Protein chains: 2
Amino acid sequence: MSPPLRLTRAAAKARTRELLLASAAQVFAEQGYAGGSVDEIAARAGYTIGALYSHFSGKDELFLTLFDDRVAGHLRAIEEIVEHCGVDDDAAFAAFGDYLTTVADSRSGWSGLESEFLRYALTRAELLAKVTERRESARDAIARLISRRAPSWADAQITATAIIALFEGLLMQRRVNPASVPPVVFAGALRRLLAQATS
Amino acid sequence: MSPPLRLTRAAAKARTRELLLASAAQVFAEQGYAGGSVDEIAARAGYTIGALYSHFSGKDELFLTLFDDRVAGHLRAIEEIVEHCGVDDDAAFAAFGDYLTTVADSRSGWSGLESEFLRYALTRAELLAKVTERRESARDAIARLISRRAPSWADAQITATAIIALFEGLLMQRRVNPASVPPVVFAGALRRLLAQATS
DNA sequence: GTATTGACATAGCGGTCACTATGTGAATTA
DNA sequence: TAATTCACATAGTGACCGCTATGTCAATAC
């Protein structure tokens with residue numbers, strides 16, 4: 001079970017990379033993107049910035065890698081819901097609500113990070129394109145999930161956007177004061193957003 | 001109509017303060033809280049940092065002053081809605097939706113700023129208390145507006161929190177891609193959030 | 001065993017930023 | 001008019017940060 005005392009070069013490198021990423025996730029969660037320094041990220045992983053820069057081109061790429069992992073996780077989770085629930089919308093929505101609740105419980109440190117990075121990217125066209133692409137893929141996965149109940153694809157996309165917006169905002173508020181946003185709220189708000197508009 | 005060529009000392013000071021605040025609002029909107037520098041704020045107002053620091057104790061106070069003005073504006077607007085619509089909930093909600101739409105149109109530069117500052121304040125207890133106080137006063141104003149339709153005051157507060165969360169998130173998304181969040185969405189999402197939960 | 005590679009460390013560069021100590025001159029007061 | 005005040009300017013200061021140039025030594029290749 002314990003790691004081999006001697007790792008091959010490749011294995012050691014992969015391990016270092018993972019340690020750096022885990023450290024970055026921690027530091028960004030605690031101090032934000034602008035607030036977290038690459039020195040601290042490296043130090044907490046047990047390395048120096050030299051190591052960090054031999055694995056990542058810079059702070060941006062470090063964050064984008066974490067962002068990618070996260071989006072990929074969401075996509076996988078949603079895909080599983082779709083496969084598992086088939087055409088049973090109610091079950092799918094319930095499972096999605098549960099998923100959001102779980103994420104809210106376990107990843108609240110990420111709250112606000114995406115929007116901070118998004119704002120930071122606003123004035124950097126290349127970066128903005130990358131962030132936008134990832135956000136849109138997440139949005140469209142949700143839109144697919146709810147498209148059967150929406151009048152149109154465009155409407156499903158807008159509702160998905162609203163779901164993401166709501167989720168991010170609630171997550172932030174939950175971080176400030178957990179008591180004011182019990183986890184069940186996520187599922188409840190989702191149900192209301194998905195209710196058919198009556199006019 | 002034109003300002004007097006000679007201002008009294010007090011009038012000149014007040015004018016300087018307003019110019020600095022307007023400049024700060026612009027710079028923060030463009031570059032965020034961390035990203036905007038006090039030097040640039042002073043320069044854009046036509047002054048130097050010496051002037052800025054003779055009016056405000058620092059960057060935090062500058063932002064908090066703007067934040068106060070903003071919250072005060074919201075409270076005033078909501079109060080007007082309450083007074084104007086009386087017990088007619090539908091009219092009040094429609095007016096509130098209109099208000100949100102107007103704000104979305106005119107103040108999208110503010111998007112993300114509050115949550116950035118909130119996160120920044122998370123590790124500064126004194127600052128966090130001030131920000132939280134202002135946010136709660138805004139939340140409670142909205143909660144009062146919708147309390148008649150909510151099963152309890154606590155529920156009204158949670159719904160108000162969700163409304164704020166949704167609004168901030170949509171505003172951010174609208175800034176990234178205005179086409180993806182037409183203004184009418186704000187009123188629509190509000191209506192759905194206010195719909196009675198059916199189970 | 002010798003040569004080569006490359007993962008990571010060390011030290012520092014250039015830049016920015018919030019904030020301060022101090023100066024100055026015009027408005028105010030007496 | 002002479003003295004005083006104070007709004008604002010000038011010129012730093014120290015700290016931090018992202019990033020890079022370069023060194024080192026152990027793992028690998030031959």
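Lettering follows sequence order; numbering is per chain, from 1. What you see is a predicted model, and the numbers here were worked out from it, not measured in a lab.
Taken residue by residue, residues 110-131 of chain A places no heavy atom nearer than 4.0 Å to DNA chain D. Looking at residues 28-48 of chain A, you'll see Y47(A), T48(A) sit with a heavy atom under 4.0 Å from some atom of DNA chain C.
Note: CZ (F56(B)) to P (dA18(C)) measures 15 Å, nearest angstrom. Going from atom CZ of F63(A) over to atom P of dG18(D) covers 14 Å, rounded to whole Å. Taking atom CG of residue L52(A) and atom P of nucleotide dG18(D), one finds them 10 Å apart after rounding to whole Å. Taking atom CG of L62(A) as the reference point, atom C1' of dC19(D) lies 14 Å away to the nearest angstrom. Taking atom CG of residue L19(B) and atom C1' of nucleotide dC8(D), one finds them 14 Å apart after rounding to whole Å. The distance from atom NZ of K59(B) to atom P of dT16(C) is 15 Å, rounded to the nearest whole Å. Taking atom CD of residue E61(B) and atom C1' of nucleotide dA18(C), one finds them 15 Å apart after rounding to whole Å. The CG-P distance, from D60(A) to dC17(D), rounds to 16 Å in whole Å.
Classified by interplanar angle (parallel below 30°, tilted 30° to 60°, perpendicular above 60°), the ring pair F63(B)/F67(B) is tilted. The aromatic rings of F28(B) and Y33(B) are tilted relative to each other, their planes meeting at an angle between 30° and 60°.
Side-chain atoms of A51(A) lie closest to dA9(C) of the nucleotides dC8(D), dC19(C), dA9(C). The side chain of R9(A) has dT28(D) as its nearest neighbour among dT28(D), dG18(D), dT28(C). Minimum atom distance to the side chain of T16(B) is reached by dC8(D), of the listed dC8(D), dA26(D), dC19(C). Side chain of I49(A), nearest nucleotide from dA7(C), dC8(D), dA11(C): dA11(C). Out of dA7(D), dT28(D), dC19(C), the shortest distance to the side chain of Y53(B) is found at dC19(C).
Side-chain N or O atoms of E116(B) include none that pairs as donor or acceptor with a backbone N or O of E116(A) at under 3.5 Å. Side-chain atoms of S23(B) never come within 3.5 Å of backbone atoms of L19(B) as a donor-acceptor pair (strictly under, hydrogens ignored).
Looking at R44(A) and E40(A), a side-chain N of the basic residue comes within less than 4.0 Å of a carboxylate O on the acidic one, giving a salt bridge. Between D140(B) and R135(B) there is no salt bridge, since none of the side-chain N atoms of the basic residue sits less than 4.0 Å from a carboxylate O of the acidic one. Ion pair D88(A)/R148(A) not flagged as a salt bridge, since none of the NZ, NE, NH1 or NH2 atoms sits closer than 4.0 Å to an Asp/Glu carboxylate oxygen. Between D105(A) and R174(A) there is a salt bridge, since a side-chain N of the basic residue sits under 4.0 Å from a carboxylate O of the acidic one.
For the pair A10(B) and G50(A), nearest-nucleotide mapping onto DNA chain C gives the more 5' position to G50(A).
For the helix from dG1(C)-dC30(D) to dA30(C)-dT1(D), the end axes, each set by the C1' atoms of five terminal pairs, are bent relative to each other by 10° (nearest 10°).
If you check the side chains of S180(B) and Q173(B), you find a donor sitting under 3.5 Å from an acceptor.
At a threshold of 4.5 Å between side-chain heavy atoms, the hydrophobic network of Ile, Leu, Val, Met, Phe, Trp and Tyr places I164(B) and L113(B) in two separate groups.
In this structure, R124(B) forms a cation-pi arrangement with Y120(B), its terminal cationic atom sitting closer than 6.0 Å to the ring centre and no more than 45° off the ring axis.
Nearest approach of V185(A) to V181(A), heavy atoms of both residues: CB-CG1, 4.3 Å.
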